[in-house]
Amino acid sequence: MNRIIVIFIVFCALAVPSAQAESKEKTEKPVPEVEELTIESFTKTFMKQMTDQLKIDRAQTKKIRAAITQSYEKSKDKWDRQDKLEEELEQVGKDLGNEIRAMYEDIRVVLTHAQREQFDDMRVHQRAQGNPRNAMSCVGRGNGGGSARMPNMGNPPG
C-alpha cells in the first residue's frame, strides 16, 4: 500500500508545475476522488503525462516504461517489507497508547478528586500545546499514541 503512496507522491510532484499553470487559467474546480493507485495505473498516467508534456517518442516511451517496470521489480521486496514494518509500527503505537492510558488511570486512582481534575486539565493543556516529545500529548488523539515518545526516564541515551 505504501509503495502506491510513494508512487502517487512522485506523480503529484511531477504534476505540480502543470497543475499550477492550469490553476492560473481556470477557476477552482472540485477535487476528484483519489482512486487506489497501482503500478499499472501509475505507469499509464505517468506515461501519458510524459507524452503530453515532454512529447516523448515511441522509443523513449518504451525505454521509460521499461525503467519504471525494472525499478518496481527491483524494489518490490523492499516496498513489501516497508508495508509490513509500518503495520508493525502502527500496532506498537497502539500498544504504547494503551499502556499510557492504563498508566494514567493507575495515576488517577492515587489522586484525590481535586487532584484528578487538575491532572485531567493538565493533560488537556499539554495536548493542546502539541509537544510531540511529551508523553501526555499523545493520548486522546485517536492515533493510538504511537507518534510520541516517553520522556527519558533515566535510561541510557541511544
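We count residues from 1, following the sequence as given.
- Side chain of S41 to backbone of T38: a donor-acceptor contact under 3.5 angstrom is found.
- Residues D77 and R81 fail the side-chain proximity criterion, which asks for heavy atoms closer than 4.5 Å.
- Between the OH atom in Y72 and the CD atom in E40 there is a gap of 7.5 Å [rounded to 0.5 Å].
- Interatomic distance, M103 CE to L96 CG, rounded to the nearest 0.5 Å: 11.0 Å.
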Exercise. Using the side-chain contact (heavy atoms from CB on, under 4.5 Å) rule, take T69 and I39 through it: C-alpha gap first, then chi angles, then the decisive distance, then the call.
Key: CA-CA 8 Å; T69 301; I39 187 64; over 6 Å; no

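- Under a hydrophobic-cluster definition in which Ile, Leu, Val, Met, Phe, Trp and Tyr are linked whenever side-chain heavy atoms come within less than 4.5 Å, directly or via other members, M122 and I100 are assigned to the same cluster.
- For the pair N98 and R101, the tightest heavy-atom approach, listed with the atom from each and the gap, is OD1-NH2, 2.8 Å.
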Practice problem: Applying side-chain contact (heavy atoms from CB on, under 4.5 Å), run through L54 and Q49 and close with a yes or a no. | Solution: CA-CA 8 Å; L54 302 178; Q49 186 178 19; over 6 Å; no

Can you give each donor-acceptor pair under 3.5 Å made by side-chain atoms of residues 105-113, sequence neighbours left out, with the distance rounded to 0.1 Å?
| residue | atom | partner | partner atom | Å |
| --- | --- | --- | --- | --- |
| R108 | NE | D120 | OD1 | 3.0 |
| R108 | NE | D120 | OD2 | 3.4 |
| R108 | NH2 | D120 | OD2 | 2.8 |
| T112 | OG1 | Q115 | N | 3.1 |
| T112 | OG1 | Q115 | OE1 | 3.3 |
| H113 | NE2 | E117 | OE2 | 2.8 |

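- The side chain to side chain donor-acceptor pair (under 3.5 Å) pairs that include a residue from residues 54-68 number zero, where partners must be two or more places apart or lie in different chains.
- With sequence neighbours left out, the side chain to side chain contact (heavy atoms under 4.5 Å, CB included) criterion links Q91 to K94, D95.
- A salt bridge is defined here as a Lys NZ or Arg NE, NH1 or NH2 lying under 4.0 Å from an Asp or Glu carboxylate O, and K84 with D80 fails to meet this definition.
- Rounding to the nearest 0.5 Å places NZ of K78 at 13.0 Å from CG of L85.
- When the shell of 6.0 Å around CD of E88 is examined, it contains 12 or fewer heavy atoms from other residues, nucleotides or ligands.
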